[in-house]
Every structure is written in C-alpha cells, then in structure tokens.
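Here is the structure we will look at.
We name chains A, B, ... by the order of the sequence lines, and we start the count at 1 in each one.
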2 protein chains.
Amino acid sequence: MENEGLSLSQERRRLKPGRHVIISLRRMIAEGTLRPGERIAEIATAEALGVSRMPVRTALRALEAEGLVEKLGARGYAPRAISATDVTGAIEVRGVLEGLAARRLAARGLTVAEEARFAQCLAEGAAIFAKGTLDRGDLDRFHDYNLAFHTLIVEASGNPSIGRALSRNDSLPFASATALTLEQEPPTEFAHLQAAHEQHVAVLAAIRRMDPEAAERAMREHALAALGSERLFRRFSREEITVSP
Amino acid sequence: MENEGLSLSQERRRLKPGRHVIISLRRMIAEGTLRPGERIAEIATAEALGVSRMPVRTALRALEAEGLVEKLGARGYAPRAISATDVTGAIEVRGVLEGLAARRLAARGLTVAEEARFAQCLAEGAAIFAKGTLDRGDLDRFHDYNLAFHTLIVEASGNPSIGRALSRNDSLPFASATALTLEQEPPTEFAHLQAAHEQHVAVLAAIRRMDPEAAERAMREHALAALGSERLFRRFSREEITVSP
DNA sequence: TAGGCTGTTATTGGATCCAATAATCTCCCT
DNA sequence: AGGGAGATTATTGGATCCAATAACAGCCTA
C-alpha cells in the first residue's frame with residue numbers, strides 16, 4: 001500500500017499507544033488520506049503506524065460502530081463515503097437528542113449550581129463577541145465554549161442514554177467538517193458564530209422560563225443552523241478534546 | 001470465580017463462535033446470572049465459555065459501548081446496574097429517534113412500495129387480535145410484527161444515523177425487559193398489546209396524511225406507552241433476532 | 001469462447017505469549 | 001496500633017502465531 005501521509009505515526013507519544021491508532025485513523029479518514037472505498041488492510045495499516053495488528057483491529061471495530069468505516073467481507077475495511085445527506089442526517093439526530101436534553105432540563109428546572117455554570121458558560125460566549133471581531137484564538141475559544149455549552153446541556157439532562165447516543169453519532173459530522181475545513185481555511189464567520197451564540201441564549205432562556213416545548217424547539221433549530229456553518233467545527237471528536245484530564 | 005450458570009456455553013453452535021460470546025454475555029447479564037457490580041474477568045469468563053480471551057475482550061468492549069457493562073479500572077468489567085430511570089431514559093431516546101424517523105417519513109410521503117409494506121405489516125398486526133384472545137404463539141407473532149413495524153419506520157426514514165443510534169441504545173431496555181420477563185411469566189396482556197397496535201395505526205395514519213408533527217407526536221407517545229408494558233419485549237436484541245439470515 | 005470448478009493466496013478471526021500496570025497485601029517505621 | 005511504602009500478584013493490553021475462510025486466478029470442460 002505504501003500510504004504517503006503516515007508521518008502521523010510520529011504523533012503517537014504520550015497517552016496509551018492504542019488510543020493513538022483510532023485517533024490517527026479518524027484523522028486520516030477525515031483528511032482524505034484514506035479515501036472512501038480505498039481498502040484498509042489490518043497488516044498494512046499496522047506496520048504503517050508502527051504497531052501490532054491488535055490495536056488496529058480494535059480501532060477498526062470501533063470506527064465501524066461509529067459508521068466511519070465499513071467492512072468489506074474478508075477484504076478488510078474501507079472508509080465509508082460520507083455524503084451530504086449523511087451529515088445532514090447525523091445533525092438531525094443530534095438535534096433531536098439535544099432537543100430532548102433541553103426539554104428535560106426545562107421540564108425540571110435548573111438547580112442553582114447548574115444555573116451558575118450556565119451563566120458562566122454563556123458569559124464566556126458573550127465575551128468572545130464583545131470586541132466586534134474574531135481572531136484565530138477567538139475561534140479556539142468559541143469552539144471550547146460551544147462544546148462546553150452542548151456538553152452542559154447533555155450532562156445536566158440526567159439521561160445518560162442521550163450522551164451515549166451522541167458520542168457515537170457525532171464523529172461523522174465532525175469528520176466531514178474537518179475535511180471541509182482543510183480545503184478552505186476557515187474564514188472568521190463572525191455572523192454565523194454570533195448567531196450560534198444567540199441561539200444558545202435562546203435555549204437557556206426557554207429552559208429558565210421552564211418551557212419544555214420552546215427549549216426543545218430552540219435546540220433543534222440551533223442544530224439545523226449548524227448545517228450552514230459546519231466547517232466551523234474544526235476539531236475532531238469529543239474524545240480527542242476531552243482526552244487530556 | 002466459578003460461575004454457576006455457565007451451561008450456556010453449550011449454546012454456542014452454529015454461527016461464528018465469536019458472536020455467541022457477546023450474545024451469551026448479554027443474556028447472562030439480563031438474566032441476572034452476572035449481577036451488577038459482580039466482576040467479569042476476561043480469563044475466567046473465557047474459560048467458562050470454553051473460548052479464548054480474545055472474543056471475550058471484543059465482546060466486553062462492545063458491551064461497554066452499549067452501556068451494559070462498565071470498566072473497573074484494571075480489575076475487569078462489571079454489569080452496570082440498570083435502574084428504572086436508565087430504562088426510562090433509553091426509551092425516551094428511542095422515542096425521539098423513532099419520532100424523527102416518523103416525522104421524516106410523513107414529510108416526504110410514502111412510496112407505493114413502502115405503502116404496500118406498511119399495509120401488509122399492519123394487516124399482520126390486525127390479524128393477531130382478530131380472534132379476541134392471545135396464546136403463546138401470538139406473543140411471538142406480535143413481537144415479530146412489532147419489530148417489523150419499528151424497523152420499517154427507521155429504515156424507510158432514509159436517515160441511517162437513526163438506526164445506528166438506536167442499535168446502541170436499545171440493548172439496555174431490551175435487557176432489562178428480559179430480566180423482568182423471567183421473574184414473572186408473561187401474562188397475555190391483550191389490552192397493552194392491542195393498544196400498541198392501535199398506536200401503530202395512528203402513526204401510519206399521520207404519515208399517510210403527511211402530517212409530520214402528528215406523526216412524530218404519535219411515535220413518541222407510542223414509545224412512552226411501552227414503558228408501561230416493557231416486559232412484553234421478551235426477546236433480547238435486534239441482533240439476536242435478525243441473525244439467522 | 002464462456003462458465004464453472006478448483007487450487008492458491010491473501011486476509012481476517014482466534015489462541016497463546018509476553019509486557020506493562022494497577023491493586024492488594026505485607027512489613028516496617030513512626 | 002496505624003499509616004505508608006514497597007513488593008507481589010492478578011489482570012488487562014499488546015504482539016505474535018496459527019487456523020479458518022473468502023477472494024481470485026487459472027484451467028478445464030461444455
């Protein structure tokens with residue numbers, strides 16, 4: 001096979017070695033180094049990444065569960081072609097799941113601790129847009145803020161199934177988003193990002209006034225709005241971000 | 001460890017050997033043979049099932065992803081305690097996901113082929129209740145019919161992410177349902193089953209008249225109604241049913 | 001010449017072996 | 001006697017080996 005872009009193997013330092021395999025594979029798929037339909041053989045991939053076949057097997061199984069690769073009978077695996085409707089579908093799913101979380105939250109009301117965390121989170125978001133322009137660092141800040149808000153909603157919902165379902169679902173749009181990002185260096189889409197922030201505000205408002213219907217609706221609309229600005233999700237997966245602690 | 005109820009190992013004939021491991025483990029967890037908190041060591045489990053450690057490892061990873069077991073650091077795995085709120089949560093998730101599927105279907109309308117399949121499916125359902133009583137065989141028929149209906153909705157929705165999210169999510173309520181079933185031999189809950197069937201009819205009606213809101217609402221209500229009669233799901237997982245062909 | 005059958009080969013899945021690691025137990029020190 | 005540190009042991013994770021299997025090509029036959 002002799003895949004070219006395998007200098008990633010140098011990245012596998014720190015952390016358990018096995019985790020790097022799945023992260024590397026995700027990135028290679030997202031970046032297009034491994035293109036859809038192209039075979040991924042365990043042996044070739046293993047020696048390309050300088051590791052045994054075992055972690056590769058594990059990783060491929062996991063990626064198959066995530067829907068990023070598919071098994072080609074006894075001829076290995078291949079990245080699934082991620083179509084626009086795939087991304088749309090995954091975002092739709094994200095919408096209803098997070099919508100459910102928001103609904104639950106609105107139905108039972110926020111605890112004071114949660115209220116504080118949300119307030120702090122949204123304040124961080126507001127701060128990003130305070131000066132009217134965005135630089136590169138602000139994009140990172142926005143991403144962290146955005147992830148924090150969504151995580152907060154899901155965690156606080158008190159229904160662990162939601163988070164589980166999301167973790168499987170999300171890698172797909174994240175991957176495609178990363179691919180998109182690479183070809184066109186992300187312009188600072190101030191308007192899009194600010195709209196997203198305002199949608200967060202709307203969601204929280206509905207939760208605060210304990211209006212489940214409105215909360216769910218706002219959350220869904222927020223998800224669908226993300227369709228227009230998918231490339232903003234530069235990072236790769238929840239796991240890769242939250243892996244440090 | 002010397003687990004007692006391991007005569008299951010005799011069941012692993014036919015099919016690839018590895019699949020039997022995960023299915024056996026699911027059943028043992030659901031039946032309570034492996035109780036929550038009780039350690040599942042790879043080695044002990046492997047020799048108990050008469051197989052190598054490798055399939056056990058694979059199976060435990062998968063079960064962890066499904067949320068049926070949790071990892072105890074370097075001390076193996078253990079079945080997660082499935083609480084009532086866990087089941088409620090999973091069913092809630094099922095509701096919004098299948099609700100989304102129904103909404104999509106209602107929004108775009110049924111093709112003639114789909115219309116025929118749905119009609120045939122519901123006719124099968126109606127036939128079950130025609131004679132006014134249920135025997136044991138009718139319960140099996142109802143289960144097949146019920147699964148067929150739900151599968152049809154999800155498949156026809158045209159959003160594969162929904163099915164993926166569901167397949168992870170569903171094992172939890174299925175497992176708990178199985179556990180429930182074992183202690184109280186299922187009475188023929190005619191009323192509950194018939195109500196479920198009528199909810200199917202309502203969902204399909206909303207889809208036919210292309211009313212997305214109503215379709216989603218009906219589907220959600222159907223899911224929640226299942227909470228009252230969870231024990232009706234005697235079978236174990238989608239996989240175990242659809243494994244034969 | 002086309003289709004099917006068979007032998008070969010490549011590749012996954014399972015088993016076993018070894019290393020890294022974390023938990024537990026014991027012993028010593030305070 | 002209690003706590004902490006170290007050694008020991010049990011257990012997972014990774015590597016390697018072997019078997020089963022499916023794909024492929026070549027040949028033979030109709």
Which whole-number value in Å describes the distance from [X] [atom1] to [N] [atom2]?
X: B:I43; N: D:dA10; atom1: CD1; atom2: C1'; result: 8 Å
X: B:I40; N: D:dT12; atom1: CD1; atom2: C1'; result: 14 Å
X: B:E42; N: C:dT16; atom1: CD; atom2: C1'; result: 14 Å
X: B:L72; N: D:dG13; atom1: CG; atom2: P; result: 12 Å
X: B:H20; N: C:dG14; atom1: NE2; atom2: P; result: 12 Å
X: B:L49; N: C:dG14; atom1: CG; atom2: C1'; result: 14 Å

Is there a side-chain contact between [X] and the phosphate of [N], meaning an N or O under 4.0 Å from OP1 or OP2?
X: B:S52; N: C:dA15; value: yes
X: A:R57; N: D:dA15; value: no
X: A:K71; N: C:dT11; value: no
X: A:R53; N: C:dT11; value: no

Tell me, yes or no, whether the heavy-atom count around A:R108 atom CZ, taken from other residues, nucleotides or ligands under 6.0 Å, exceeds 12.
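Enclosed: over 12 neighbouring heavy atoms sit under 6.0 Å from CZ of A:R108.
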
Given DNA chain C, 5'-ward residue of the pair A:M54 and A:G76, judged by closest heavy atom:
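The answer here is A:G76.
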
Looking at the side chain of B:R75, which of D:dT12, C:dT24, C:dG13 is the nearest nucleotide?
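Closest nucleotide among those given: C:dT24.
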
Looking at the side chain of B:P55, which of C:dT12, D:dT11, C:dG14 is the nearest nucleotide?
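Within the option list, the nearest is C:dG14.
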
Write down the atom of A:V21, the atom of A:V56, and the distance for their closest heavy-atom approach.
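The answer is CG1-CA, 4.0 Å.
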
Can you check whether A:R75 reaches A:R39 side chain to side chain, under 4.5 Å on heavy atoms?
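Yes, side chains in contact.
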
Does this structure show an ion pair linking B:E66 with B:R26, if we count only N-O contacts that are shorter than 4.0 Å?
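So B:E66 pairs with B:R26 through a salt bridge.
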
